[in-house]
*Asks:* 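Let me begin by handing over the structure; questions about it come next.
Residue numbers begin at 1 in each chain, while the letters A, B, ... track the order of the sequences.
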There are 2 protein chains.
Amino acid sequence: MPQPPSKPTRYQRTRKDHSTETAEDYVEAVAELIDANTQCRLVDLAQYFGVSHVTANRIVARLVKQGLLRTEPYKPIELTLTGRRLAKSCQERHEIVRSFLIAIGLDSATADIDSEGIEHHVSPQTVELFRRFVKRGQPNSSD
Amino acid sequence: MPQPPSKPTRYQRTRKDHSTETAEDYVEAVAELIDANTQCRLVDLAQYFGVSHVTANRIVARLVKQGLLRTEPYKPIELTLTGRRLAKSCQERHEIVRSFLIAIGLDSATADIDSEGIEHHVSPQTVELFRRFVKRGQPNSSD
DNA sequence: AAACAAATGTAGCCAACGCTACACCTTTGT
DNA sequence: ACAAAGGTGTAGCGTTGGCTACATTTGTTT
Ligand SMILES: [Mn+2]
Ligand SMILES: [Mn+2]
Ligand SMILES: [Mn+2]
Ligand SMILES: [Mn+2]
């Protein structure tokens, strides 16, 4: 038998979301820190995520191995082209989720928090619906 | 100095969401399986989540220790009162998120998937906004 | 009753992501 | 130049959640 696809459960989708979540958040953070601060040091990342520098260091090492970041010992952290692209698309998606939550009436502080988790679980279809909703204010009629 | 609260980053909130996610999903699943099938066996849970029975077993053991589930060897899994309450509130929150996504135009299959991840990251304020949005039907209807 | 199938339990492995403690490198200030 | 401070690296530990392999118990079928 040629391996029936046996569609993954929705829980498997959520697990997959979580397995890419760290990479997404880190490249996004590196991009933001470079943008705001001209460079991104390990301590900056550790503080940004509220973790120890050891945790940040190990994660950075893995993302280097995955081709998203570039580092030299004791030097600031840089994005590869792939990393920069991923950061950009994550920032856009994140911002759409955040502004959508605000558009339906959430305060911006809570929107900051909620969108940080939600952003990794929205399908392209959902992002598109959010985007349209934000753009046109209220309506979401079918068109 | 008396330890300034030093508000947790939004990433710490997301990590906290994830740390309670498994418990929430499992009690919800146990409740649904009992409701649909009169009892919940370990294999049912393993299949439900798409994991091995070993993984399900270890998680069930931890939830027993946490007072959410009750088990006897080789017997079906039961909810404690605390577990049943948690299951109910999670089911309600999950259903609000799911029906909200449908209300803004998402197909129900994708809503099933997305809501499975999103449900754990919505603050009470956001749930309330979702609930109101669903209640007054499409945004065009006024009340 | 015996055999077989299914469910459950247990041992032991791996990876991710937290941490502390300590060592080493770099930068800064005197 | 050198000491202090700060940033980085590494060793080692804990928890969670995946897995395979194998043992044991339970249920079903002959
Ligand atoms: Mn983000
Ligand atoms: Mn995030
Ligand atoms: Mn869920
Ligand atoms: Mn999540």
*Asks:* D/dT16 P sits how many Å from B/Asp25 CG, rounded?
*Replies:*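 It is 16 Å, rounded to the nearest whole Å.
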*Asks:* Take A/His120 and A/His18, measure what side chain to side chain donor-acceptor pair (under 3.5 Å) needs, and give me the verdict at the end.
*Replies:* CA-CA 7 Å; A/His120 308 280; A/His18 287 157; over 6 Å; no
*Asks:* Starting at atom CG of A/Asn57, determine the distance to atom P of C/dA21, rounded to an integer number of angstrom.
*Replies:*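 Roughly 18 Å, once rounded to whole Å.
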*Asks:* Starting from C1' on D/dG18, measure out to CD on B/Gln47 and report it in whole angstrom.
*Replies:*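 Roughly 18 Å, once rounded to whole Å.
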*Asks:* To the nearest Å, how far apart are B/Gln12 CD and C/dC19 C1'?
*Replies:*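 B/Gln12 atom CD is separated from C/dC19 atom C1' by 13 Å.
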*Asks:* Using a 4.0 Å heavy-atom cut-off across all strands, classify A/Arg58 as base, sugar-phosphate, or nothing.
*Replies:*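 Here A/Arg58 touches the bases of the nucleic acid.
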*Asks:* Are OP1 or OP2 of D/dG18 and a side-chain N or O of A/Arg15 less than 4.0 angstrom apart?
*Replies:*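 For D/dG18, OP1/OP2 do have a side-chain N/O of A/Arg15 under 4.0 Å.
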*Asks:* Are there any protein N/O atoms within less than 3.5 Å of an N/O atom in nucleotides 21-29 of chain D, and if so, which ones and at what distance?
*Replies:*
unit_1: D/dT25; atom_1: O4'; unit_2: B/Tyr74; atom_2: OH; d: 3.1

*Asks:* Nearest nucleotide by nearest heavy atom, which residue falls closer to the 5' end of DNA chain D, B/Gln66 or B/Gly50?
*Replies:* B/Gln66
*Asks:* Give the rounded distance in Å between these two atoms: CD1 of B/Ile59 and P of D/dC19.
*Replies:*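 Going from CD1 in B/Ile59 over to P in D/dC19 covers 10 Å.
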*Asks:* Could you state the CD-P distance from B/Glu21 to C/dA16, rounded to the nearest angstrom?
*Replies:*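 Nearest whole value for this atom pair: 18 Å.
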*Asks:* Look at A/Asp114 together with B/Arg13 and state whether they make a salt bridge at an N to O cut-off of under 4.0 Å.
*Replies:*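 Between B/Arg13 and A/Asp114 there is a salt bridge, with a charged N closer than 4.0 Å to a carboxylate O.
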*Asks:* Any side-chain to backbone donor/acceptor pair from B/Thr110 onto B/Leu106? Under 3.5 Å, distance only.
*Replies:* no
*Asks:* NE2 of A/His18 versus C1' of D/dG17: gap in Å, rounded?
*Replies:*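 It works out to 13 Å between those atoms.
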*Asks:* Can you tell me which nucleotide in D/dT8, C/dT20, C/dC17 comes closest to the side chain of A/Val43?
*Replies:* D/dT8
*Asks:* Look at the side-chain N and O atoms of A/Thr55 and state whether any lies under 4.0 Å from the OP1 or OP2 oxygen of C/dC19.
*Replies:*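 Indeed, a polar side-chain atom of A/Thr55 lies that close.
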*Asks:* Which nucleotide in the list C/dG9, D/dG9, C/dC19 gets nearest to the side chain of A/Val51?
*Replies:* C/dC19
*Asks:* Students often get this wrong, so: under 4.0 angstrom with heavy atoms, is B/Thr22 touching a base, only sugar-phosphate, or nothing?
*Replies:* sugar-phosphate
*Asks:* Does A/Gln39 have more than 12 heavy atoms from other residues, nucleotides or ligands lying within 6.0 Å of its CD?
*Replies:* yes
*Asks:* Taking atom types as they are modelled, is there a donor-acceptor pair under 3.5 Å from the base of D/dG17 to the side chain of B/Arg62?
*Replies:* no
*Asks:* Kindly give the heavy-atom pair with the smallest separation between B/Gly50 and A/Gln12, and that separation in Å.
*Replies:*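 Smallest interatomic distance, heavy atoms only, reads O-NE2, 3.3 Å.
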*Asks:* Between A/Lys65 (NZ) and C/dA15 (P), how many Å, whole number?
*Replies:*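 Taking atom P of C/dA15 as the reference, NZ of A/Lys65 is at 9 Å.
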*Asks:* Between the main-chain N or O of B/Ala111 and the side-chain N or O of B/Ser115, is there a donor-acceptor pair closer than 3.5 Å?
*Replies:* yes
*Asks:* Would you call B/Glu116 and B/Arg98 a salt bridge, taking side-chain N to carboxylate O under 4.0 Å as the test?
*Replies:* no
*Asks:* Are any of B/Ser52's side-chain N or O atoms less than 4.0 Å away from OP1 or OP2 of D/dC19?
*Replies:* yes
